[in-house]
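The structure under discussion appears below in the form of structure tokens.
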Amino acid sequence: MDKLSSLTKYFKRYKGKLGLGILFILISDVAQVYIPLLLKDSIEIIQNNGDYSKLFDYALLMTGAALLAGLFRFLIRMTIIVVSREIEYDLRYDFWAHLQRLPMRFYQNNTTGNLMAHATNDISAVRMYVGPAVMYSIDTLTKFVITISIMMVLSWELTVYTLIPLPFLSYIVYKLSTKIHEKFTLIQEKFSDLTTLAQENFAGIRVIKSYVREDNEINKFINMNKEYLERNMDKVKIQALFMPILFLISGISIIVVVWAGGTMVIDGSLTLGDMSAFIIYLGMLIWPMIAFGWVANIIQQASASMKRLGKIWREKQEIEDGKLTHHAINMVSGGIKFNNVSYKYAENLPYALKNINIEIKPGETAAFIGHTGSGKTTLLNLIPRFFDINEGEILIDGRNIHEIPLKVLRRSVGMVPQETFLFSDTIRNNILYGTVNSSEEKMLEAARISLLNNDVDQFNKGYDTILGERGITLSGGQKQRTCLARAIAIDPSILILDDSFSAVDTNTEEAILENLRGYMKNRTSIIVSHRISTVKNADKIYVLKDGSIAEQGRHDELVASEGIYAELHYKQLLEEELKELN
Amino acid sequence: MAPSKDDEILGKAYDSKLMKRLLGYVKPYKHYVIIAILLNIVVAALGPVRPYLTKIAIDDYIARSNYDGLMYITLLLLGSLFFQAIIQYFLTYFTQLMGQKIIYDLRVKLFKHVQRLALKYFDKTPLGRIVTRTTNDVESLNELFSSGIVMVFSDIFIILWILIFMFSLSWDLSLVTLSVLPILIYATFLFRRKVRESYRDVRFHLARLNSFMQERIGGMSIMQLFSKEKDELKSFGSINADHKKANVDSIYYYAVFFPVVEILSAVAVALIVWYGGGEVVQSSMTIGVLFAFIQYTEMFFRPIRDLSEKYNIMQTAMASSERIFKLLDNDTFIKNNENGVVPEDIKGEIEFKDVSFAHNSNDYVLKNISFKINPGETVAIVGATGAGKTSIINILTRFYDIQKGSILVDGVDIRDMDKRDLRQFISIVLQDVFLFSGTIKSNISLDSEEISEEQVIEAAKTVGAFGFIDRLPAKFDEVVKEKGSTLSVGQKQLISFARALAYNPQILILDEATSSVDTETELLIQKAIEKLLVGRTSIVIAHRLSTIQNADKILVMHKGEVREIGTHQELLAQKGIYYRLYQLQYKDQEITKTA
């Protein structure tokens with residue numbers, strides 16, 4: 001999808017409508033071109049004292065032709081421009097469907113802002129090509145051919161004179177609009193610098209105030225504003241040329257007709273009617289010639305956008321079902337085994353995980369504990385295959401993880417990620433997000449286990465309360481509990497809690513864990529936490545350090561061994577004590 | 001992306017109070033406005049004069065076979081054309097220049113205002129909103145100032161000139177031609193209104209589409225984890241379809257309007273031919289007049305369309321200016337005492353007398369704090385998270401004002417000093433190092449002219465930052481990218497130490513970072529801190545055992561109060577809060593030290 005030609009498949013989808021649109025252009029142009037001929041005849045009647053009663057007929061015919069031309073102009077927009085919106089829709093849809101399939105690795109390397117720019121600006125630029133550019137180029141071409149033919153018949157000599165300036169018009173419009181676009185990009189760059197400066201200033205206002213640097217910052221801002229003003233004026237210098245040059249060239253064309261045509265009329269080689277028709281035709285050609293230059297600029301921008309889009313189209317899906325997949329597998333019971341698993345995020349980065357060996361039987365609870373950056377989250381992300389490992393193997397229910405269809409695997413994993421993410425939707429829809437056959441009971445049950453129900457009951461609209469920018473903001477703890485409810489609601493065979501209670505107070509956490517104990521009886525659970533109280537009841541506790549397992553065992557065993565775990569345990573006891581102190 | 005309530009003020013199309021205030025910004029440029037209006041009167045005549053000249057060419061010269069006369073008119077036509085082009089160019093240039101200058105003034109004024117606002121304002125207001133006010137909102141006034149105000153005159157003058165020429169040529173033909181005008185005006189304003197409505201609709205759906213995409217890109221892992229690709233694609237499809245529909249709806253208005261205008265002008269021409277044709281025979285009506293009228297009908301349309309557009313410009317400007325003025329009227333300042341003392345220099349004695357402080361009324365984060373620090377002393381503040389340590393440094397620098405008690409520096413209440421004078425004597429090193437875009441050098445000196453390059457280098461040497469800076473390709477001129485993402489945490493800290501030192505303050509406030517660094521950097525930082533504290537009054541929110549041990553005294557904060565004061569040994573012996581804190585936060589460091 002690098003070139004504009006790759007849009008052909010979209011054009012083909014609407015070839016009927018597009019064909020009609022082109023036909024409408026032809027009809028409308030013919031009707032439009034007919035009007036000056038009527039005018040010419042009318043003037044000749046007046047000049048030669050002909051049959052004045054005919055003037056009324058001509059006036060009617062003119063109106064009729066204008067109505068016909070107008071009707072088809074309407075239809076042109078209703079076909080061609082509508083098609084451009086259809087294609088914009090298709091293109092954006094396909095683009096989005098592609099984005100959805102791309103792996104986490106892609107999202108780690110591309111900012112949201114960047115992807116948004118592609119999905120909006122670049123697709124819009126392509127749309128301009130598909131619609132207006134196509135419409136105007138066909139229109140220009142048709143009008144040009146018909147008008148010039150008629151003008152040639154009226155007087156080829158005058159035609160040549162008057163046409164000389166017109167190609168310049170197209171060329172200058174193209175050049176100017178390209179230049180203006182360039183200048184505009186420069187302005188936008190400065191504007192974004194200005195935004196960055198303001199942003200940085202407001203973010204660093206503490207430093208600025210404490211070092212009394214306000215005046216200096218104001219000067220910086222003033223200077224950048226001056227540059228911004230200058231760049232704007234650079235554009236104005238060129239942009240201000242646009243209109244004067246347009247009417248200068250087109251005006252010269254018309255003056256040439258008045259002068260050369262007038263001379264010919266005096267000589268008797270041209271009638272006054274012909275001359276009038278000429279002037280009207282010229283007027284008709286001017287806008288298409290302007291559009292032509294403009295279209296050239298649109299095409300240039302559209303192909304640049306297409307190139308940028310193409311880069312994303314070429315991104316690979318990476319994590320998907322493959323040859324190893326057994327499509328007959330439709331459930332997972334929850335046994336997890338890591339055999340010598342190592343993983344690094346990129347070739348040139350150090351290992352994030354090294355030689356991990358773990359075994360969790362279905363129904364067991366395993367806990368991971370360790371400092372930030374010790375590899376806990378990375379390890380968890382391997383289970384729903386957000387990333388595929390480089391070395392070793394991961395077995396689920398004794399089978400290589402690649403044998404399980406991706407969808408089955410992910411549907412079996414209920415994960416509560418470290419960073420809570422909820423959609424700007426109702427609480428109900430957020431909880432039921434992953435469920436296939438959602439029911440009210442299921443939702444209430446999930447909310448009950450996560451101790452979310454009491455909070456929700458406080459809201460006026462209960463589970464229909466909308467979250468996010470346009471709704472209410474939940475507290476950190478409420479968000480985490482909603483995420484937990486969402487994971488529970490899908491009835492997973494493996495529940496993964498990645499430091500999911502960090503914003504929940506200890507007592508609530510205890511109560512949730514108590515609730516979970518019953519719920520998790522036949523499910524595998526994996527818990528990551530900083531708090532000893534969260535992990536102490538696990539069947540197995542793994543202590544991670546620098547990507548490797550440093551200690552493992554049950555709570556009592558680990559406390560007795562006086563290692564990292566024991567140290568943490570001791571510290572948290574102290575912390576509790578301090579908090580209790582008045 | 002979804003606009004907040006504040007951004008949604010749609011505004012009235014016209015508000016005389018706002019307009020008056022906006023026009024106040026035009027005042028310094030009133031000579032521009034006067035010149036522009038005068039030029040407009042001239043330039044507006046030059047377009048309509050050409051059909052009139054053409055009429056003379058046809059009737060007086062072509063019809064009477066006068067070659068010289070035709071040549072003369074041709075030159076006149078050319079002259080008027082060039083003259084118009086030139087004036088038009090300068091007119092556009094100067095009105096744009098005026099617009100740019102006005103929004104420049106406004107933007108600078110706004111920025112200066114924001115610089116003076118108290119931290120309280122920044123705490124409450126989302127960063128993005130303040131940025132939008134100073135950038136986008138001001139930008140949207142550009143059109144009002146550059147084309148709106150002056151060009152309204154241009155459109156009116158053009159219409160007036162056309163009318164003058166038309167009526168001077170033929171009264172009755174003018175009336176015939178103008179008979180389509182009411183329809184044209186009505187159609188234009190109706191179209192503008194419809195387009196505005198549908199544009200709003202398009203924008204609404206575009207915003208929905210954008211916020212959907214933005215949100216899903218952010219939550220892509222959740223979406224994939226719950227295997228929701230199919231459902232999400234369906235939702236996307238329907239939002240995308242709504243967006244398409246809104247756009248297609250707006251196509252309809254354009255599709256109707258443009259042909260209507262073309263038809264109307266054809267009807268006008270037909271009317272002229274029919275009525276005027278008869279006139280020619282019956283009276284003195286000429287072909288030239290007919291011809292001129294045909295051209296005038298086409299000329300009428302642009303100024304009418306432009307005028308209807310001005311309405312939109314006005315509406316946007318009203319909404320933006322309302323938001324801008326709201327910010328300009330915000331007066332969350334830390335007030336300076338006008339009769340205050342201006343200290344030349346200070347010794348650095350600090351005393352807190354029964355200080356209580358709350359961010360919100362009665363919700364005190366500091367309660368009855370009293371302590372005294374002698375010049376040159378180092379005090380370490382320790383305490384658990386939320387004990388009130390940060391608040392102490394915030395009120396000492398008057399980022400916030402206290403509710404009860406008083407804070408004295410060299411025996412003077414800090415509220416009696418100019419807050420900027422006070423801050424001149426204090427350097428603060430915050431936990432999260434904030435680096436500005438610029439160079440290493442500019443980040444140390446913060447572009448202060450009073451700090452020479454030598455002083456920057458000297459400061460860097462003293463804190464031990466010179467080593468790594470010297471290894472950078474451009475050394476002190478190395479560009480700091482994206483808030484210093486290419487520098488390590490430790491390096492950033494050293495830079496902020498150098499910054500504090502370069503300002504050579506009488507009082508130093510240091511909020512030690514908790515983030516772990518490698519042993520080598522840790523040693524560097526410890527040494528740097530020792531150097532920083534020498535010869536000045538220092539307050540340190542301490543996380544390092546070495547800092548605490550070197551402090552002259554330790555303040556133990558607990559739940560907003562100072563609970564224990566003493567030296568390390570004294571406090572340990574007390575076996576109180578400090579003893580536990582020590583076990584929790586500092587004991588490890590002893591172990592690693594001995595290990």
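Within every chain, numbering begins at 1; the chains are lettered A, B, ... in the order of the sequence lines, protein sequences first and strands thereafter.
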Residue [X] versus chain B: region with a heavy atom under 4.5 Å:
X	answer
Leu409(A)	neither
Phe72(A)	neither
Glu86(A)	both
Ile319(A)	neither
Asn110(A)	neither
Arg385(A)	neither
Phe74(A)	both
Asn225(A)	both
Leu272(A)	side chain

Residue list, side-chain contact (heavy atoms from CB on, under 4.5 Å) with Thr397(B), at least two apart or on another chain
Phe399(B), Ile426(B), Ile428(B), Ile509(B)
Taking only residues two or more places apart in sequence or in another chain, which ones pass side-chain contact (heavy atoms from CB on, under 4.5 Å) with Thr120(A)?
Asn210(B), Met213(B)
Sort Glu298(B) into side chain, backbone, both or neither according to what part of it lies under 4.5 angstrom from a heavy atom of chain A.
neither
Which bit of Ile86(B) comes within less than 4.5 Å of chain A, counting heavy atoms only: side chain, backbone, both or neither?
neither
Pick from Gly237(B), Gly47(B), Ser496(B) with the largest number of heavy-atom pairs that fall under 4.5 Å of chain A:
Gly237(B)
Can you see whether Phe436(B) has Lys220(A) sitting over its ring - NZ or CZ less than 6.0 Å from the centre and within 45° of the normal?
yes
Can a cation-pi geometry be assigned to Lys226(A) and Tyr104(B), taking NZ or CZ under 6.0 Å from the six-membered ring centre and within 45° of the ring axis?
no
